[in-house]
Amino acid sequence: MISVKNAQMSSCYQPANDASMLDANNNCIAHSNSQLFNQSFNQDESMNGEHDINEPKTNLIVNYLPQNMTQDEIKALFSSIGPVESCKLIKDKLTGQSLGYAFVNYQIQGDAEKAVNTLNGMRLQNKTIKVSHARPSSESIKGANLYVCGLDKDFGQADLEKMFSSFGTIISSKILSDPKTGASKGVGFVRFDQRYEAEIAISELNGKCYDNMQEPLIVKFANSPTSVKSVMGLPLAPFIPINRGFYQPYRPSASNSYRYSPMTPYCSPDQTSLNTPILPTPLTGMIPATPSPQTPSLATSLPNTPVAPVPTMVPTMVNGQTTAILSTPPTSISNTSLSSINYSGWCIFVYNVGPDTDESLLWQLFGPFGAVQNVKIIRDQQTLKCKGFGFVTMTNYEEAVTAINCLNGFNLNNRILQVSFKTQAKQMY
DNA sequence: CGACGGGACGC
DNA sequence: CGACGGGACGC
């Protein structure tokens with residue numbers, strides 16, 4: 001889960017010494033761990049003292065990437081912030097499959113910061129990516145993920161972190177819950193900064209009753225994943241509705257079965273002045289004043305993170321078929337010039353974006369609808385101001401159609417977007 | 001009212 | 001009862 005962890009990671013790795021809290025809440029666990037805690041903190045400090053004092057923090061780790069996103073696409077996305085020194089998508093050595101995370105190293109630290117602020121929490125296809133500073137590579141941080149079960153059903157994420165906080169720095173945590181009912185499964189995960197912190201937690205908590213819980217806890221290292229979950233079988237349903245109140249189609253079309261219904265305007269009455277953003281990113285004005293109930297932690301912990309909208313249940317369309325379509329344009333666009341087809345994707349023309357638009361806006365807008373290969377904002381060569389339009393290349397026809405149908409006519413900062421397949425090509429070959 | 005880039009043979 | 005996420009540190 002994208003949560004408060006980023007702030008913790010970037011600001012300070014030092015865990016809060018919460019042993020007293022544990023004592024207060026815990027009736028079953030022996031209170032003999034203060035020695036261990038002090039030892040672990042000392043190790044932590046001495047290790048931190050060795051590196052990264054004045055090193056520029058240019059290196060980012062990107063997690064929860066869409067399965068089919070390529071390294072080039074990731075690089076294109078992060079280059080919308082500034083020049084990228086290197087970009088590495090981690091793949092399975094044998095199958096070549098993406099492991100869903102990547103490292104992006106910027107040339108300038110400021111761009112890395114901006115990327116965290118701008119791209120963390122961005123929705124791409126069915127994923128919400130996480131962008132955070134990479135820690136210095138080391139063996140000691142591997143295998144620090146714990147599996148926990150035996151939790152009471154009313155035990156929440158905050159309770160979980162509280163239970164583990166005295167053993168080290170928590171990088172992430174999660175309680176598994178039934179997607180329908182939202183009820184806890186009594187199972188969770190806690191990832192520590194350091195492996196030895198996880199080891200301490202196991203030795204202190206495994207088999208014990210915590211805070212009068214019904215059953216003893218099981219705390220062990222989580223399974224290390226071996227094979228990629230097949231994404232092909234999924235109906236690509238995970239278009240999770242986020243109801244950010246952002247899309248606002250103004251031309252309903254009866255023939256569009258997959259146009260989703262209008263939502264509340266992105267600009268609620270009490271923030272109509274947001275045309276001139278106070279905060280740095282041009283997307284600030286798109287953030288609704290009231291957080292979505294589905295993602296309170298995201299909204300509260302990442303107030304500067306623009307969250308691109310996601311269509312509510314786009315019916316059918318995209319299955320697994322992809323490339324075969326490219327050579328045979330569907331009849332529904334038979335009157336469209338072939339210039340929208342590049343043999344490596346579908347080029348979309350986006351008109352009526354503001355003069356200060358940058359590439360990340362187009363990623364925000366189109367990323368939720370499917371695989372985006374590249375985006376381009378057209379600027380005046382002198383002023384570098386956006387000329388009011390740009391291009392987006394998407395891989396799959398159906399996803400491009402859905403994006404067009406959903407984004408064409410949308411009110412973005414009081415501008416009505418016009419979105420269509422590209423019709424004119426500048427003399428090719 | 002307006003309105004469809006542009007870089008690029010590459011280890 | 002069993003229950004391993006959205007493969008989190010360079011595949």
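Throughout, a chain's letter reflects where its sequence line sits, starting with A, and its residues are numbered from 1.
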> Hey, is dC9(B) sitting syn or anti, using the within-90° cutoff around 0?
Replying inline: syn
>> If you only use heavy atoms from C-beta on, which nucleotide in dG7(C), dA8(C), dC9(C) is closest to the side chain of Gln67(A)?
In response: dG7(C)
>> Check this for me, if you would: do Lys185(A) and Asp178(A) make a salt bridge, where the nitrogen-to-carboxylate-oxygen distance has to be below 4.0 angstrom?
In response: no
> How many Å lie between CD on Gln194(A) and P on dA8(C), as a whole number?
Replying inline: 18 Å
>> I need the CD1-P distance between Ile61(A) and dG7(C), as an integer number of Å.
In response: 13 Å
> Rounded to whole angstroms, how far apart are CG on Asn374(A) and C1' on dG7(B)?
Replying inline: 11 Å
> Would you say the base of dG10(C) and the side-chain of Asn59(A) have a donor-acceptor pair closer than 3.5 Å?
Replying inline: yes
>> Measuring only the C1' atom in each nucleotide, how far is dC4(C) from dA8(C)? A whole number of Å is fine.
In response: 15 Å
>> Could you tell me if the side chain of Phe192(A) sits less than 4.5 Å from the side chain of Val190(A), heavy atoms only?
In response: yes
> In whole angstroms, how far is the P atom of dA3(B) from the OH atom of Tyr351(A)?
Replying inline: 6 Å
> Does the side chain of Lys142(A) get closer than 4.0 angstrom to OP1 or OP2 of dG10(C) through an N or O atom?
Replying inline: yes
>> Any carboxylate oxygen within less than 4.0 angstrom of a Lys/Arg side-chain nitrogen, looking at Lys208(A) and Glu204(A)?
In response: no
> For Asn352(A) and dC4(B), what is the distance between atoms CG and P respectively, to the nearest whole Å?
Replying inline: 13 Å
> Between Phe349(A) and Phe391(A), what is the ring plane arrangement, given parallel below 30°, perpendicular above 60°, and tilted in between?
Replying inline: tilted
>> Quick check on dC4(B): syn or anti? Syn means the glycosidic torsion is within 90 degrees of zero.
In response: anti
>> Please determine whether a side-chain nitrogen or oxygen atom of Ser172(A) lies at a distance below 4.0 Å from atom OP1 or OP2 of dA8(C).
In response: no
>> In whole Å, I'd like the distance from the NZ atom of Lys385(A) to the P atom of dG2(B).
In response: 24 Å
> Which nucleotide, dG10(C), dA8(C), dC4(C), lies nearest any side-chain atom of Ser137(A)?
Replying inline: dG10(C)
> Between Ile170(A) (CD1) and dA8(C) (P), how many Å, whole number?
Replying inline: 17 Å
> Side chain of Thr423(A): nearest nucleotide among dG6(C), dC9(C), dC4(B)?
Replying inline: dC4(B)
>> Any donor-acceptor pair under 3.5 Å linking the side-chain atoms of Thr58(A) with those of Gln109(A)?
In response: no
>> Would Phe103(A) count as stacking on dG10(C) if stacking means ring centres less than 5.5 angstrom apart and planes tilted under 30 degrees?
In response: yes
> Any idea which of dA3(C), dG6(C), dA3(B) is nearest the Gln418(A) side chain?
Replying inline: dA3(B)
> If you look at every strand shown and take non-hydrogen atoms under 4.0 Å, does Phe389(A) touch a base, only sugar-phosphate, or nothing?
Replying inline: sugar-phosphate
>> With nearest nucleotide decided by heavy atoms, which residue, Gly150(A) or Arg191(A), maps closer to the 5′ end of DNA chain C?
In response: Gly150(A)
>> Taking only side-chain N and O atoms of Lys127(A), does any of them lie within less than 4.0 angstrom of OP1 or OP2 on dG7(C)?
In response: yes
> Does a side-chain N-to-carboxylate-O contact under 4.0 Å join Glu359(A) and Arg379(A)?
Replying inline: yes
> What nucleic acid atoms does Tyr101(A) come within less than 4.0 Å of, heavy atoms only: base, sugar-phosphate, or nothing?
Replying inline: sugar-phosphate
> Which part of the nucleic acid, if any, lies within reach of Ile90(A) when heavy atoms closer than 4.0 Å are counted: base, sugar-phosphate only, or nothing?
Replying inline: base
> For the side chain of Thr128(A), counting heavy atoms from C-beta on, which of dC9(C), dG6(C), dG7(C) is nearest?
Replying inline: dG6(C)
>> From the set dC4(C), dC9(C), dA8(C), return the single nucleotide nearest to any side-chain atom of Tyr147(A).
In response: dC4(C)
> If you check every side-chain atom of Val187(A), which of dC4(B), dA8(C), dA3(C) has the closest atom?
Replying inline: dA3(C)
> Has the side chain of Lys130(A) got a donor or acceptor that lies under 3.5 Å from a partner of the other kind on the base of dA8(C)?
Replying inline: yes
> Do Tyr147(A) and Phe221(A) have their ring centres less than 6.0 Å from each other?
Replying inline: no
> Pick one for dG7(B): is it syn, with its angle within 90° of 0, or anti?
Replying inline: anti
>> When you measure from the side-chain N and O atoms of Arg135(A) to the phosphate of dC9(C), is any distance below 4.0 Å, counting only OP1 and OP2?
In response: no
> If you pin Lys220(A) and Lys93(A) to their nearest nucleotides in DNA chain C, which one's is more 5'?
Replying inline: Lys220(A)
> What's the closest nucleotide to the Ser420(A) side chain, out of dC4(B), dG10(C), dC4(C)?
Replying inline: dC4(B)
>> Without decimals, in angstroms, what is the distance between Ile175(A) CD1 and dG6(C) C1'?
In response: 16 Å
